[in-house]
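The structure appears right after this line, and notes come after that.
Residue indices begin at 1 and follow the sequence shown. Counting starts at 1 for both ligands and their atoms, following the listed order.
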Amino acid sequence: MIERARVVVIGGGIGGCSILYWLARLGWGDVALIERSELTSGSTFHSAGLVGQLRNSLSLTQMMMNSVDLYRTLGEEVELETGWREVGSLRLASSQEHLEELERQAAWAETFGLPMHLVSADEAQSMFPPMSTEGVLGAALLPSDGYVDPSQLTLALARGARQRGATILTNTRVTGVRVENHRVRAVETDQGPIECEVVVNAGGIYAHEIGLLAGVDVPMVAMAHQYAITKPTGLSRDMPTLRDPARLVYFRAESGGLVVGGYERNPSVWGLGGIAADFNSRLLDPDWDRFAPLFEAANSRVPELADAEIVTLINGPEAFTPDGEFILGESAVAGFWVAAGFCAHGIAGAGGMGKLMAEWIIEGQPSLDAWALDSRRFGPQYRSRDYTLIRTDEIYATYYDVKYPGHERQAGRPLKVSAVNARHRDLGAAFGEKSGWERVNWYESNAPSGDESTRPDGWAGMLWSPAIGAEHLACRSSAGLFDESSFSKLDVTGSGAAAFLERLCANSVARRVGAVTYTQLLNPRGGVECDLTVTRLAEDRFRLVTGTAFGPHDAAWIRQHLEDDSVAVDDVTSKYACFALWGPRAREILQPLSESDLSHTAFSYMSAKEINVGAVPCLAVRVTFVGELGWELYCPSEYAVGLWDSLMNAGQPLGLVPGGYRAIESLRLEKGYRVWGSDVTTTDSPFEAGLGFAVKMNKGEFIGRDALERAGEPTRRLACLVLDEPRTVVLGSEPVRFEGRALGRVTSGGYGYSVESSIAYAYLPAALVEPGTKVSIGVFGHDVGAEVRAEPLFDPSNEKVRV
Ligand SMILES: Cc1cc2nc3c(=O)[nH]c(=O)nc-3n(C[C@H](O)[C@H](O)[C@H](O)COP(=O)(O)OP(=O)(O)OC[C@H]3O[C@@H](n4cnc5c(N)ncnc54)[C@H](O)[C@@H]3O)c2cc1C
């Protein structure tokens, strides 16, 4: 038993062992792993071991590619067989929509540096002979995928960690986590305490209960996942793995037979009421009733299964999360980290995940954009086990389904609704969901005023309404009213608030009371960690407004830099409704309702004032995210209905139209306003993203400044592109090619109804970001011409905003 370690990793599965390995490999040898039983005795030992790399974002895919890089060499490095077989993978399309999905994925893969390409049904069969080609329209082949022996791989990682000085204690149970002043101090075990600075909860399906030891909620549940193993019939072990999403099944070779698994429509949660303390090296009873439909579907793809002898049906619990991605990162308890919820791709992801976690712990920052995996993406609603379950269940049951862009999840809705939700329903709102909030995508009542002929071709036109264009154009010609109540609002207050924010923000924000500043908060590498507006409400009070989904993340980032109690950070999102009134007639609509002077001289752009709108007290903030004159009006929630009604009543005679988020998206693209998480991420600098105007390099020290200075002139920049075909609308991650080579990837795009163009944004080599440069964009297997344009496309001199 040891008394101290710098880091204690809880859990000796593939996840914990990979993190330990990477901590040691990156130079932290004083690290220990505690396993209550034997290594690999959790979910790891019963994994099917498939390793697929393609995910739907660059950083997730890079993490998986890092896994494969490690699996290729680890065995040799530590002199232990891992069972890695780089046999490739096939993904079948047995419907038109699946074929289109493969075309789309092959295009992403090109930009992620993965050698994925489409092959015919016959070619697929030549690589995987037992499959029938019945109904197969094509397949995607990714030669660098494969499979591995999960237990051997875990033991190899453990050996690699030990060789670099790490300690592994098996048959030692963590029974408590000592937390003082919101910071981890030690873990308690049944063999005594271990003092430490950092604890990593890599407890697999037990991660929820381990989290509770530190007062941290880990929103995951265990699902029973099954696969059958058939008796050897002489099949080659070098056949690629095979997925048939339309049939919900996957296959791989196993000692001359097959592994056959899948994602059933009726998932089975397990262990919700608590998991037995001795549930190690154990499986659940086979559930043939639940597996039968999957096996039947598998049978129709691999006919020889009809006569195959089933050696065993493995039924094992696996940790799934409400959005199907890992949960990584530090929790609200300083020093308590989580790495769990691997959603049946934990073996595939572990090698890269361990690296990412170790970098994050050691350097304070991962080298990849980890937002999609960041534990801070979940709100407090996920403290509910029921809510977590219902959301997770939906993810599992629809795992292989094609999701069209704009696809909205249904489980657990409605949860958070705006105070004027009934008004939205009366107007025929098509709701979307973000972080539990019901938000208006568009109002169907506006559809008759729209133009059906602007419907985008293909997938982009599936979940679409002519109302989007109608709302967009009304905002440009008269005014739009948008409910932005879901925006996250953080109050930063106290005598130290001004100096504190100046240290965090790249722009100068401690300006006069009433000033509104658009700013980024950078990480030490100069990447954009938060993107928000700061309004100075008083000498010692600032209101930060950020995106609906970003509140917990941004609040955590800000809080983690607090040094003393001279600054407090409060989330005031629920206190205030927010309606944005934007358009050339916004002042005409608002002025008669208010006793305050709303003229441009009295109320300038990027300033805020307390005003009355009728009897409603509002904080009016003169900002825009659509490129039009207007205000965001924040009022205490109980006044929201009154404010909405008076704005609608005053505005409708002047052409005001209520609008939704899809119209905002189109409006903001025309103005080149960036969105954090897609156009700008933690690995993009503000200069690369075209946000240099919001950086004050000579204002004094701020986090990230040194990195920006060291980086010098950007070698890549975010570029505005216009496609040659206006009806072809990009969906994100499409390759942007110059002279036939993919040099960039679309970050976001859409149709601009005022500029009548299909717009895309992409990072490109700086030398190409010159108006007039001709490129092409790969859209569903076609190369569509596009041109770099000067931005913004709409109102470049900003005249409409500053009136
Ligand atoms: C049937 C099935 C098939 C799968 N197939 C694939 C696949 O093909 N490809 C793929 O990539 N993934 C697959 N997976 C998923 C993969 O197996 C998991 O994601 C991965 O094994 C999880 O690893 P882990 O380290 O998070 O958890 P685990 O392996 O469960 O490790 C957690 C460890 O924590 C220990 N622990 C818990 N509480 C304590 C405590 N208080 N003190 C000390 N130790 C504690 C446990 O004993 C356990 O050993 C599959 C999963 C299942 C169930």
Side-chain angles (χ1 to χ4, degrees), residues 8-20 33-53 64 67 71 89 145-151 153-154 157 168-177 187-191 199-213 218 220 222-229 241 243 250-252 254 259 261-263 270 275-284 286 291 312-321 326-328 338-351 353-354:
V8 169
V9 179
I10 307 174
I14 182 95
C17 288
S18 179
I19 295 166
L20 194 76
L33 182 145
I34 313 293
E35 164 54 50
R36 72 182 194 180
S37 178
E38 299 296 339
L39 296 183
T40 81
S41 62
S43 297
T44 298
F45 84 94
H46 50 69
S47 171
L50 277 77
V51 176
Q53 298 165 88
M64 312 307 264
S67 289
Y71 300 167
S89 71
D145 279 352
Y147 65 91
V148 70
D149 179 327
S151 294
L153 176 65
T154 306
L157 288 164
I168 296 180
L169 300 170
T170 53
N171 296 301
T172 305
R173 182 181 299 267
V174 172
T175 52
V177 177
V187 292
E188 315 279 355
T189 79
D190 55 5
Q191 312 290 318
V199 173
V200 183
N201 173 4
I205 58 169
Y206 320 89
H208 182 254
E209 48 191 72
I210 294 172
L212 294 181
L213 297 176
V218 182
M220 40 117 328
M223 294 297 209
H225 186 69
Q226 303 196 90
Y227 63 85
I229 303 177
T241 61
R243 293 176 181 79
Y250 60 80
F251 307 84
R252 79 161 168 83
E254 167 72 26
V259 159
Y263 289 81
W270 181 79
I275 299 170
D278 62 349
F279 192 87
N280 278 95
S281 306
R282 283 165 59 182
L283 291 169
L284 310 177
F291 195 67
T312 182
L313 177 62
I314 301 283
N315 188 4
E318 161 68 343
F320 276 82
T321 68
F326 299 3
I327 301 176
L328 305 182
V338 180
F342 295 150
C343 306
H345 53 287
I347 306 299
M353 179 282 300

Got an N/O contact under 3.5 Å between [X] and ligand 1?
X    : result
S43  : yes
I210 : no
Q226 : no
P317 : no
A344 : yes
A339 : no
I347 : yes
T44  : yes
L50  : yes
N280 : yes

Distance filter under 4.0 Å to [X] heavy atoms, resulting ligand 1 atoms:
X    : result
A202 : 32 (C)
Y227 : 1 (C), 3 (C)
G346 : 10 (C), 11 (O), 12 (N), 19 (O)
I34  : 43 (C), 44 (N)
H345 : 10 (C), 11 (O), 12 (N)
G316 : 53 (C)
G12  : 33 (C)
A348 : 10 (C), 11 (O)

Close side-chain approach of L283 to F45, heavy-atom, < 4.5 Å: yes

Close side-chain approach of I14 and L157, heavy atoms under 4.5 Å: yes

In terms of the angle between their ring planes, are H225 and Y250 parallel, tilted or perpendicular, with boundaries placed at 30° and 60°? parallel

To check you understand the geometry: which heavy-atom pair defines the closest contact between [X] and [Y], and what is its length?
X    : Y    : answer
G354 : S18  : CA-OG, 3.4 Å
G351 : S67  : N-OG, 3.2 Å
S89  : R243 : CB-NH1, 3.9 Å
L33  : C17  : CD1-N, 3.8 Å
G204 : M220 : O-SD, 3.7 Å
F251 : L50  : O-CD2, 4.2 Å

Proximity to ligand 1 by part of A350, non-hydrogen separation under 4.0 Å: neither

Between [options], flag the one that comes closest to [atom] by a heavy atom.
atom                    : options              : value
atom 48 (C) of ligand 1 : M64, E35, E209, E318 : E35
atom 4 (C) of ligand 1  : G203, G15, S281, A48 : A48
atom 39 (C) of ligand 1 : M353, H225, R36      : R36

Do N171 and E35 have a side chain donor and acceptor closer than 3.5 Å? no

Quick one: does T172 get a heavy atom under 4.0 Å from ligand 1? yes

Cation-pi check for Y206 against R36: NZ or CZ below 6.0 Å from the six-membered ring centre and within 45 degrees of the axis, yes or no? yes

Nearest-contact summary for atom 34 (O) of ligand 1 - protein heavy atom, Å: G11 CA, 3.2 Å

